[in-house]
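Working notes, structure below.
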Amino acid sequence: MALLEIKGLNKSFGGIRAVEDCTFSVEEGSIVSLIGPNGAGKTTVFNLVTGLLPLDSGSIYFDGRKINGLQPHQITHMGISRTFQITRDLQELTVLENMIVQSKIKGFWDMFGTSMLKEEENRAMDLLTFVGIDHLANEKSKNLSYGQKKLLEFASVLMSDPRMIMLDEPAGGVNPTLLESIVDRIIQLNKKGITFLIVEHNMDFVMKISNPVICMAYGTVLAQGSPKEIQDDKRVLEAYLGE
């Protein structure tokens with residue numbers, strides 16, 4: 001059963017067609033990687049799905065409900081959470097406060113209260129423990145290393161109890177040890193029923209964790225299949241390397 005359905009998406013910026021008649025679906029419980037050369041339209045698709053950009057035309061359905069036209073916070077409450085290529089932590093807040101901001105219960109508005117809800121705090125600490133940075137809970141996020149910020153962002157998207165997580169280049173700029181940790185946690189969460197859609201350039205990561213793999217080029221879907229089918233597809237090689 002398709003959890004996310006993308007049908008005929010189109011998006012232009014001025015005279016540049018960033019996404020053109022893009023159609024694909026993500027089955028519930030799957031780990032799908034979206035690959036393609038720079039400028040293929042992958043992150044633009046992410047921004048369209050999560051409501052950060054308006055569509056020119058096309059439709060997006062999540063769990064059978066049309067979501068294009070909804071605000072980002074409405075889409076999050078429906079069960080979609082995402083990360084970004086560049087982490088977007090609130091640097092003057094602590095790690096724990098950054099987690100609470102993402103809470104489905106009260107979120108940002110809880111920052112104006114006198115104290116955090118105990119339920120929120122306990123859940124945040126459990127998730128920080130899950131990614132291995134609970135010892136940094138009271139540290140301001142501006143003091144974290146790049147890798148620690150990646151883990152914080154990964155943990156924070158779980159605060160809203162998502163059904164689907166969209167990861168934008170989770171392997172970018174992280175060392176092999178940290179990457180193995182991220183892979184392990186993605187697999188653990190997937191076994192619990194969370195669906196993943198991942199944009200990534202690290203092909204070892206993609207081929208290890210994903211099935212199926214979708215390749216985009218020139219704003220549309222070029223090929224889709226198992227990791228081996230994508231590796232053997234001449235169209236994919238040409239898109240990356242040229243003829």
Side-chain angles (χ1 to χ4, degrees), residues 1-11 18-19 22-34 41-85 87-90 98-111 116-117 119-120 122-124 126-127 130-131 152-170 185-200 210 212 214 216 221:
M1 173 183 167
L3 182 61
L4 177 71
E5 295 179 274
I6 290 172
K7 299 181 178 181
L9 293 196
N10 289 284
K11 180 64 182 179
V19 176
C22 183
T23 298
F24 66 87
S25 61
V26 176
E27 295 296 308
E28 187 164 17
S30 63
I31 301 176
V32 178
S33 280
L34 193 60
K42 305 179 299 296
T43 294
T44 301
V45 167
F46 264 39
N47 290 337
L48 294 172
V49 170
T50 53
L52 295 179
L53 290 173
L55 301 178
D56 292 342
S57 61
S59 301
I60 304 170
Y61 293 87
F62 183 71
D63 197 21
R65 178 180 171 186
K66 192 172 184 179
I67 63 171
N68 46 290
L70 297 181
Q71 294 298 310
H73 72 275
Q74 294 174 309
I75 293 171
T76 298
H77 274 267
M78 287 187 66
I80 300 176
S81 289
R82 71 165 291 183
T83 65
F84 293 84
Q85 290 180 21
T87 57
R88 297 190 174 190
D89 54 301
L90 300 172
N98 268 275
M99 293 288 291
I100 300 301
V101 166
Q102 302 296 329
S103 171
K104 202 170 186 177
I105 301 173
K106 292 179 70 176
F108 178 78
W109 298 108
D110 197 52
M111 295 294 101
M116 300 178 191
L117 290 176
E119 181 182 349
E120 292 177 306
N122 290 342
R123 174 161 174 75
D126 286 344
L127 291 172
F130 175 66
V131 300
L152 170 58
E153 184 176 41
F154 187 46
S156 67
V157 299
L158 298 172
M159 283 294 290
S160 61
D161 290 319
R163 293 180 62 188
M164 185 174 80
I165 296 175
M166 302 172 64
L167 301 177
D168 200 346
E169 298 193 21
R185 280 152 181 81
I186 290 173
I187 292 171
Q188 287 184 54
L189 292 167
N190 181 247
K191 287 179 178 177
K192 294 180 179 179
I194 295 179
T195 304
F196 284 86
L197 178 60
I198 304 170
V199 164
E200 188 50 69
S210 315
I214 299 169
M216 288 187 66
V221 172

Looking at [X] and [Y], would you say the former's side chain and the latter's main chain have a donor-acceptor pair under 3.5 Å?
{"X": "T76", "Y": "S81", "result": "no"}
{"X": "T195", "Y": "G29", "result": "yes"}
{"X": "R82", "Y": "D168", "result": "no"}
{"X": "E27", "Y": "M1", "result": "yes"}
{"X": "T50", "Y": "F46", "result": "yes"}

So do the side chains of [X] and [Y] get within less than 4.5 Å of each other, counting heavy atoms only?
{"X": "P162", "Y": "V157", "answer": "no"}
{"X": "I80", "Y": "I67", "answer": "yes"}
{"X": "I198", "Y": "I31", "answer": "yes"}
{"X": "L158", "Y": "F130", "answer": "yes"}
{"X": "I186", "Y": "L167", "answer": "yes"}

Side-chain atoms of residues 52-64: list all donor-acceptor pairs with protein atoms under 3.5 Å, sequence neighbours left out, distances to 0.1 Å.
{"residue": "D56", "atom": "OD2", "partner": "S12", "partner atom": "N", "Å": "2.7"}
{"residue": "S57", "atom": "OG", "partner": "N10", "partner atom": "ND2", "Å": "3.0"}
{"residue": "D63", "atom": "OD2", "partner": "R163", "partner atom": "NH1", "Å": "2.7"}

Specify the closest pair of heavy atoms between I194 and F196, including all atoms of both residues, with the distance to one decimal.
-> O-CD1, 3.6 Å
Indicate the atoms forming the closest heavy-atom contact of M159 with M99, along with that distance.
-> CG-O, 3.4 Å
When rounded to the nearest 0.5 Å, the distance separating CD of E169 from NZ of K42 is 7.0 Å
Would F24 and V45 satisfy side chain to side chain contact (heavy atoms under 4.5 Å, CB included), going step by step from the backbone distance to the final call?
-> CA-CA 11 Å; F24 66 87; V45 167; 4.2 Å; yes
